[in-house]
Amino acid sequence: MPQDNCDPPRLPRAFYDRDPATLARALLGQRLVRIADGQRVSGLISETEAYGGPDDQASHAFRRTPRSAIMYGPPGYAYVYFIYGMYFCLNAVAAADGQPGAVLIRGVVPQEGITIMRSRRPGVADAHLADGPGKVCQAFGITRNLNAADLTASSELWIEAGPGVPASRVVITPRIGVRGDAAARNRLWRFLTRP
DNA sequence: CTCTCGATGCGCT
DNA sequence: GCGCATCGAGAGA
């Protein structure tokens, strides 16, 4: 596979080497980039959620299993999982090696390759191309193949430094759809960008 | 092996 | 607002 970019400005591993909530906030306004079939698709991350380890009942890493093992590994890797029999969700592994944690990419505002996204999600209005975790993976063509991809080195999927988002435009809420104990439900670990 | 149900999205009401 | 699609991970037996 020839590398058609000289040196894409991927965020370095140190960027991911933080606790999940801090990383979730920091990922807002960064650029998610996907190259498939030589086509570049990108957008600014607009919504994230942090997931922890054994102290977070809502997290896959609440228990260490073969699937969640990657969340215990070094930061900067993609954790892609299959859900509800038909959707994929993309996470970026956070925190140091041995410290479990990840950030779910819940929403992206499309920038480049919008026509490709439309073709991947036929009949969907532009505003809803990637405004949900499953939609992000559909619009960006992200599947199981990209699980464990190194976001700091992959030529297929990475995150670049974007304009970021000022604190005045960040909204923080509890996470969506978590069913754990009160601690898991009440944690303010969802970050979204207000327009 | 079997059973449950989910870090969801969509279409219909 | 509500029900359904659809299947793999994880747990219990």
Practice problem: Sugar-phosphate atoms are those with a prime plus P, OP1 and OP2; base atoms are the rest. Using that split, label each nucleotide of nucleotides 1-13 of chain C B, S or - for protein heavy atoms under 4.0 Å, 5' to 3'. | Solution: ----BBBSSSS--
Quiz prompt | Heavy-atom closest contact (A/C89 atom, A/L104 atom, distance) | solution = CB-CD1, 3.7 Å
Quiz item: Is A/K135 paired with A/D131 through a side-chain N to carboxylate O contact shorter than 4.0 Å?
Solution: yes
Practice problem: Tell me which of A/G134 and A/R179 sits closer to the 5' end of DNA chain B, going by the nucleotide each one is nearest to. | Solution: A/R179
Exercise. Work out which heavy atom in A/A26 is nearest to a heavy atom in A/R18; give both atom names and the distance.
Key: CB-NH2, 3.4 Å
Practice problem: Look at all strands and tell whether A/R190 reaches a base, only sugar-phosphate, or nothing, counting heavy atoms closer than 4.0 Å. | Solution: nothing
Quiz prompt | Interface limits on DNA chain B, where chain A has a heavy atom under 4.0 Å of a nucleotide atom | solution = B/dG6 to B/dC10
Exercise. Apply side-chain hydrogen bond (donor to acceptor under 3.5 Å, both in side chains) to the pair A/R10 and A/T152, showing each step before the final yes or no.
Key: CA-CA 6 Å; A/R10 304 178 182 88; A/T152 71; over 6 Å; no
Quiz item: Do you know which two heavy atoms are closest between A/R13 and A/Y77, and how far apart they sit?
Solution: NH1-CE1, 3.3 Å
Self-check item: CD-CG distance between A/E47 and A/L27, expressed to the nearest 0.5 angstrom
Solution: 13.0 Å
Practice problem: Identify the heavy atoms of A/F88 and A/C137 that sit nearest to each other, and give their distance. | Solution: O-SG, 3.4 Å
Quiz item: salt bridge (Lys or Arg N to Asp or Glu O under 4.0 Å) with A/E49: which of A/R25, A/R106, A/R175?
Solution: A/R106
Quiz prompt | DNA chain C base-pair string [pairs: Watson-Crick or G-U under 3.5 Å; |: paired with another strand] | solution = |||||.||||||.
Quiz prompt | Side chain A/R121, main chain A/A139, donor-acceptor under 3.5 Å | solution = no
Quiz item: Of all heavy-atom pairs between A/A58 and A/A184, which one has the smallest distance, and what is that distance?
Solution: N-CB, 3.9 Å
